[in-house]
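This report refers to the structure that appears directly beneath it.
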Amino acid sequence: MVDAVDVLRRLHLITVETDEPSTDPSRGGFVVTVHRLVQRATRDDPNLRPDPALAIVAANALAQEWSNTVHATVHGQRLRSNTTVLVSHAEDWLWEPDAHPVLFRAGASLGESGAVAQAIGYWKDMTKTAIQRLGADHPDTLITRSNLAFWRGHSGDVAGAVAGFEALLQAQVRVLGADHPDTLSTRHTLEFLRNRDR
């Protein structure tokens, strides 16, 4: 594997950079970047175009690489950028049969990195897409609505968060039941926000 990477580097098909310090000993300590022209040529070749299986492998790799500590780092930005590119070329496959976990990781990472306004925009778009692709009552749609309300509250829009969680709670009671853990979590969050707003 290392020999193959070195050959690609010497042919200027990739760039190998030292990664920022990591607390994860399993990380290799370097980042491999493929030149944009190589990416484009690969995508344009009919024999190498992405297919559903390849898209899911890439999404799984991104999700696996995403730790809870990389959000406000260069590595976190790389993961978000790669996810954006993946979605732009393989979005349909990332919503079959459900929303792929990498879609949730990207949105959470935006907010955790401090880009709260961007996170709200991300969750608005994702909620709209989830409703269109999965239906309003799908569990992943309910989760995206919860994330949107959460980041609204985090931004200081308590009234918007309360309104979002109230509507979500009604849907969760109807779809999941009053005693479902997600329903109870939403009820608890609503209580917290209402008390905070007093």
Side-chain angles (χ1 to χ4, degrees), residues 1-2 4-5 8 14-36 38-39 42-43 50-130 133-134 138-155 161 168 181-182 185-186 189:
M1 175 72 167
V2 173
V5 168
L8 292 171
I14 63 171
T15 302
V16 180
E17 304 170 6
T18 303
D19 198 6
E20 58 199 42
S22 172
T23 57
D24 182 356
S26 67
R27 299 262 329 269
F30 62 90
V31 174
V32 176
T33 306
V34 179
H35 192 281
R36 287 180 188 264
V38 175
Q39 294 176 32
T42 303
R43 284 194 305 268
D51 60 30
L54 186 58
I56 297 306
V57 166
N60 288 344
L62 284 167
Q64 182 179 349
E65 178 65 15
W66 228 311
S67 74
N68 290 324
T69 59
V70 302
H71 305 300
T73 65
V74 172
H75 188 58
Q77 179 56 48
R78 284 185 188 121
L79 292 171
R80 289 190 297 276
S81 295
N82 281 303
T83 301
T84 299
V85 171
L86 178 62
V87 169
S88 73
H89 294 286
E91 183 175 22
D92 290 345
W93 301 320
L94 298 178
W95 286 93
E96 295 172 2
D98 306 310
H100 192 280
V102 78
L103 299 172
F104 293 98
R105 296 300 291 245
S109 180
L110 263 176
E112 294 295 337
S113 73
V116 176
Q118 287 178 295
I120 292 169
Y122 180 94
W123 290 112
K124 281 181 184 175
D125 291 343
M126 188 158 163
T127 298
K128 181 180 175 184
T129 303
R133 290 179 177 269
L134 304 176
H138 190 281
D140 287 346
T141 304
L142 299 177
I143 292 169
T144 61
R145 290 175 61 189
S146 176
N147 283 310
L148 174 57
F150 172 82
W151 287 107
R152 280 185 170 148
H154 196 74
S155 74
L168 174 63
D182 291 351
S185 176
T186 299
T189 302

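Values below: all heavy atoms of this structure, side chains included; hydrogens, waters and symmetry mates excluded.
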I need the minimum non-hydrogen distance between Trp66 and Ala106, along with the two atoms involved. CH2-CA, 3.5 Å

Under 3.5 Å, which donor-acceptor pairs do the side chains of residues 115-124 form with other protein atoms, sequence neighbours left out?
from: Tyr122; atom 1: OH; to: Leu103; atom 2: O; distance (Å): 2.5

Starting from the C-alpha separation in whole Å, work towards a yes-or-no answer on side chain to side chain contact (heavy atoms under 4.5 Å, CB included) for His138 and Arg133. CA-CA 10 Å; His138 190 281; Arg133 290 179 177 269; over 6 Å; no

Is there side-chain contact between Thr189 and Thr186, with heavy atoms separated by less than 4.5 Å? no

Is the backbone N or O of Pro181 less than 3.5 Å from a side-chain atom of Ser185, with the two atoms forming a donor-acceptor pair by type? no

Looking at every heavy atom in both His100 and Ala63, which two are closest together, and how far apart are they? CE1-CB, 4.4 Å

Go through the steps for Met126 and Phe104 under the test side chain to side chain contact (heavy atoms under 4.5 Å, CB included), then give the verdict. CA-CA 9 Å; Met126 188 158 163; Phe104 293 98; 3.7 Å; yes

Provide the full list of side-chain hydrogen bond (donor to acceptor under 3.5 Å, both in side chains) pairs with a residue in residues 146-155, sequence neighbours left out, each pair given once. none

Given Glu65 and Leu79, is the side chain to side chain contact (heavy atoms under 4.5 Å, CB included) satisfied, shown in steps? CA-CA 8 Å; Glu65 178 65 15; Leu79 292 171; 3.8 Å; yes

Kindly indicate, with the supporting measurements, whether the criterion side chain to side chain contact (heavy atoms under 4.5 Å, CB included) is fulfilled by Leu86 and Leu94. CA-CA 9 Å; Leu86 178 62; Leu94 298 178; 4.1 Å; yes

Shortest non-hydrogen pair, Ala149 vs Ala161, comes out as O-CB, 3.3 Å

Looking at Leu134, Thr127, Leu168, which hits side-chain contact (heavy atoms from CB on, under 4.5 Å) with Thr144? Thr127

Find the distance between CD (Gln77) and CG (Leu110) and round it off to the nearest 0.5 Å. 8.0 Å

Counting C-beta onward and ignoring hydrogens, is there a side-chain heavy-atom pair between Glu91 and Thr129 closer than 4.5 Å? yes

Take a 6.0 Å sphere around CD of Gln64 and say whether it holds more than 12 heavy atoms from other residues, nucleotides or ligands. no

